[in-house]
Number of protein chains: 2
Amino acid sequence: MREQDGATKAPGRVGDVRRRNLALVLGRIGPEEPATRAEIAAATGLTKASVSSLVAELLETGLVDELGVTRAGERGRPGVGLALDARRGALGAEVNVDYLAVGVVDLHGSLRYHEVAETVNRGRGPNDVVAELSRIVERCVSAADDAGMTLLGGGLAVPALVDPSRGTILNAPNLGWRNADLAPALGGLVPGAPFGVVLSNEADSAALAELWYGRGTSLGSYLYVSGEVGVGGGLVMGSELFSGPGGHAGEVGHIVVEPTGQRCSCGGRGCLETVAGQEAILAAAGITDGGSTTAARMAALQASLDAGDTQAITAVERAAHYLGIAIVSSARVVDVSAVVLGGHFAALAPWIRPALLSSLEAFAPGVIAEEAVAFSELGTTAALRGTAGAALRRALAAPYELLA
Amino acid sequence: MREQDGATKAPGRVGDVRRRNLALVLGRIGPEEPATRAEIAAATGLTKASVSSLVAELLETGLVDELGVTRAGERGRPGVGLALDARRGALGAEVNVDYLAVGVVDLHGSLRYHEVAETVNRGRGPNDVVAELSRIVERCVSAADDAGMTLLGGGLAVPALVDPSRGTILNAPNLGWRNADLAPALGGLVPGAPFGVVLSNEADSAALAELWYGRGTSLGSYLYVSGEVGVGGGLVMGSELFSGPGGHAGEVGHIVVEPTGQRCSCGGRGCLETVAGQEAILAAAGITDGGSTTAARMAALQASLDAGDTQAITAVERAAHYLGIAIVSSARVVDVSAVVLGGHFAALAPWIRPALLSSLEAFAPGVIAEEAVAFSELGTTAALRGTAGAALRRALAAPYELLA
DNA sequence: AAGAATTAGTATGTGTTCTAAACTATATAG
DNA sequence: CTATATAGTTTAGAACACATACTAATTCTT
């Protein structure tokens, strides 16, 4: 993810300066309030001449749009407003255990044309599922096309350990997939996308969605924990996803929270997942109807909680207690002081929150403040927003790719 | 530590290219085996002309030395060997609870002129201790001077949370210091050092020493855990220290390893420190003589272990068991797959190792391999080597600072 | 022993991209 | 209607890497 080897680093060429400055100027052009060339020059330290030249090239890429004169009402010649062009966007898609989700996000951050389909994907083959996904994607892509949008790239998020550079799924335990090569399918999703379609982990993407479009926008550094069938997570620090040397960072599901606890599917013992995963909570709540899907049983849990069922409430509070321990330990290791919770933790927020706060206070007073515990509001669109956003950032970081 | 804000980034100027390439070329010049201009050109992708020009400037800085023709025995004109100049070095110093350590490390990585003084610093004031340290530093600096060495910078490591940019100690619980301003003293340690003298955390510095001069050289990414009066740690990933958004990353001492365990001085419960810190181990081993220093009692523990005392052995194994849990949890969060253990964990290695390995295997089979558990061999010189090394890296990363 | 072949390193001219400073353009103030 | 302020462009100059052609020093071949 990060630069690996100081020794293998490429040499700096004179042209690199321009590439860097193109991205720098583009970074000062927000989605909304128009910036002017003069303002950008003052903010970046570049001369007005350089900014003019750089902006001219950015206009050529189509990422930036001139809005006409800004009425300042002040003395002097008014500047020409510049803003990101909302007609450029990216596709985001997600395959999860019990739904497919697809959408288009534009450079202003708006989600347009999204569609969520509830399907049971566990056990079905990857090709079958991706074919169904492709049909939804086609509808979204042509809707964007009809509206005059240009898609720069896209992303597909899956609840799996992936190799983004090869477009392969290494292991998706909850889908039952191993070593699936999605590269051919990815290429076809957004025809002619200059920034490609990239495979990503669902929790990582959701974590980034919170950073760019959700509860993390004001935080910058936080741990994202998503409760699904498993317990996944992503680590955002300094407004960047940290995925670790091997790409597994933020995997809080297998932190040991109870040394004398149950054995876990990972081979360990007392992992968070064994006490706060969906199956664990459902079992503790006594909701054991094996015939229906996990999603349906989670709905039943909601109903029990609403009805004030003590066993259900105790089960959720127990999960929150251990969740607190895992968060505290994570916070110590990477020094983050905020958390964003998604998946079923967000759905169960009213019951999770108090128990979680008292657990945090008991095990590490003062480390994570009450205001620093946030619950996701993005629902099933989190991961697709994240991968689409990542595609947009790839474009914003390398605008020169769009020039001849 | 890392670049914070994409928006506040400085613009790229043409001269930045040269700065980058100076550091790039310097990075290819190792301490030992001489590199030639032609080899560097091939390795970096720069042209021979550019490399010649860059090397000429590096020679001016004094960091690099020409060794004369390399006898290759092959056809063609032999190249001129280039190597880092071992006459350039940096000072490293450490104030710890029961000793002071000072040394000089040269650009070849050799430790020269080092001195360790056993003194009880707990409770003494910072000024008093630093004055004593300064006398030792003076001896080392003049020894280096006499040998014709030039010191580029230095570092002072303390078992404390520090603000390196201000040169202040925020809190050193085990020394009993709070809000001590060491900036004036630091400035005077290495007169005229172009890269300054920087305050650092002892565990972080020791972690870096392992990376550059110890057990971490072949690892690249690992968790360093140091057992002292407290339990500290440092996180090295991708051959860089990761200190987290607030600078506390790697603080494994307060990971929760036993939810029903004892209260901790941090206000939490069941932290690693409450079961694997020196006092905790001594108490469990029944070595309770309150009159002598902690260091002396740790020596007594060693003696008991050597004598086969079951209570002592059980106490150490229990600590190792919990240490394993903390390592596993850390490994999950940041995705590292190796550990280096220092401080009393290194001293007790023969007793720690087997218990630790079985704990790792029980809680996360396959995550940390047996070969990936290493014990430090740097002893009391670890932290000083680390801070000195950091000063040397500052010079190697910014050689242009040494030019007019 | 002389020349061919091979490799190391230097010199010169060109293109890119920045800065600085002077210039043009367009607004408000009085 | 002129002075002033601000936005943006034009032009000249400097830094730097690249490409190419050159010189230097060594070994191989005959």
Side-chain angles (χ1 to χ4, degrees), chain A residues 9-26 28-29 34-60 64 66-83 399-400 403-404, chain B residues 9-26 28-29 34-60 64 66-83 399-400 403-404:
Chain A
K9 229 173 8 187
R13 292 188 208 81
V14 179
D16 296 345
V17 177
R18 191 155 191 89
R19 294 185 170 193
R20 177 174 172 181
N21 286 337
L22 276 169
L24 179 68
V25 168
L26 190 50
R28 302 293 315 187
I29 299 177
T36 67
R37 290 169 177 78
E39 280 169 23
I40 294 169
T44 58
L46 288 160
T47 61
K48 289 190 293 173
S50 301
V51 172
S52 277
S53 154
L54 291 160
V55 166
E57 268 185 318
L58 290 174
L59 288 170
E60 263 181 60
V64 173
E66 262 185 337
L67 302 176
V69 292
T70 53
R71 275 286 351 53
E74 285 163 21
R75 267 221 265 214
R77 172 176 166 181
V80 177
L82 298 166
Y400 45 84
L403 298 169
Chain B
K9 229 173 9 188
R13 291 187 209 81
V14 180
D16 296 343
V17 177
R18 192 157 190 87
R19 294 185 170 193
R20 177 175 171 179
N21 286 337
L22 276 169
L24 179 68
V25 168
L26 191 50
R28 302 293 315 187
I29 299 176
T36 67
R37 290 169 177 79
E39 281 169 22
I40 294 169
T44 58
L46 289 160
T47 61
K48 289 190 294 173
S50 301
V51 172
S52 277
S53 154
L54 291 160
V55 166
E57 268 185 318
L58 291 174
L59 289 170
E60 264 182 59
V64 173
E66 263 184 339
L67 302 177
V69 292
T70 53
R71 272 278 5 46
E74 285 163 22
R75 267 221 266 213
R77 172 175 165 180
V80 177
L82 299 166
Y400 45 84
L403 298 170

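Just so you know, these numbers come straight off a predicted model, no measurement behind them. Naming: A, B, ... by sequence-line order, numbering from 1 per chain.
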* Summary of protein contacts for nucleotides 11-20 of chain C, nucleotide by nucleotide, where a base hit scores B, a sugar-phosphate-only hit scores S (4.0 Å, heavy atoms) -> B----BBSBB
* If you look at every strand shown and take non-hydrogen atoms under 4.0 Å, does A:V69 touch a base, only sugar-phosphate, or nothing? -> nothing
* Heavy atoms under 4.0 Å, any strand shown: does A:V51 hit a base, just sugar-phosphate, or nothing? -> nothing
* side chain to side chain contact (heavy atoms under 4.5 Å, CB included), paired with A:L82, selected from A:I40, A:T36, A:V25 -> A:I40
* **Nearest heavy-atom neighbours spanning B:P399 and B:A23** => CG-N, 4.2 Å
Between the protein and nucleotides 28-30 of chain C, are there any N/O to N/O pairs under 3.5 Å, and if so, what are the atom names and distances?
residue : atom : partner : partner atom : Å
C:dT28  : OP1  : A:R71   : NH2          : 2.7
C:dA29  : O4'  : A:R75   : NH1          : 3.4

* Asked: Measuring from B:L403:CG to B:L22:CG, what's the distance to the nearest 0.5 Å?
  -> 7.0 Å
* Asked: Atom OH of B:Y400 and atom CG of B:D16: how far apart are they, to the nearest 0.5 Å?
  -> 8.5 Å
* With sequence neighbours left out, which residue pairs that include part of residues 34-47 of chain B fulfil the salt bridge (Lys or Arg N to Asp or Glu O under 4.0 Å) condition? -> B:R37-B:E66
* To do: With sequence neighbours left out, write down each residue that passes side chain to side chain contact (heavy atoms under 4.5 Å, CB included) with A:V17, or none if nothing qualifies.
  => A:N21, B:V17
* Asked: Residues two or more places apart in sequence or in another chain: which of them pass side chain to side chain contact (heavy atoms under 4.5 Å, CB included) with A:P34?
  -> A:L67, A:T70
* To do: Can you tell me which residue pairs pass the side-chain hydrogen bond (donor to acceptor under 3.5 Å, both in side chains) test with a partner in residues 45-56 of chain A, sequence neighbours excluded?
  => A:R18-A:S53, A:T47-A:S50
* Not counting sequence neighbours, which residues clear side-chain hydrogen bond (donor to acceptor under 3.5 Å, both in side chains) with B:E60? List them please. => none
* Asked: Which nucleotide span of DNA chain D, 5' end to 3' end, has atoms closer than 4.0 Å to non-hydrogen atoms of chain B?
  -> D:dA15 to D:dC28
* Within a strict 4.5 Å, meaning less than it, do heavy atoms of the A:V55 and A:L59 side chains meet? -> yes
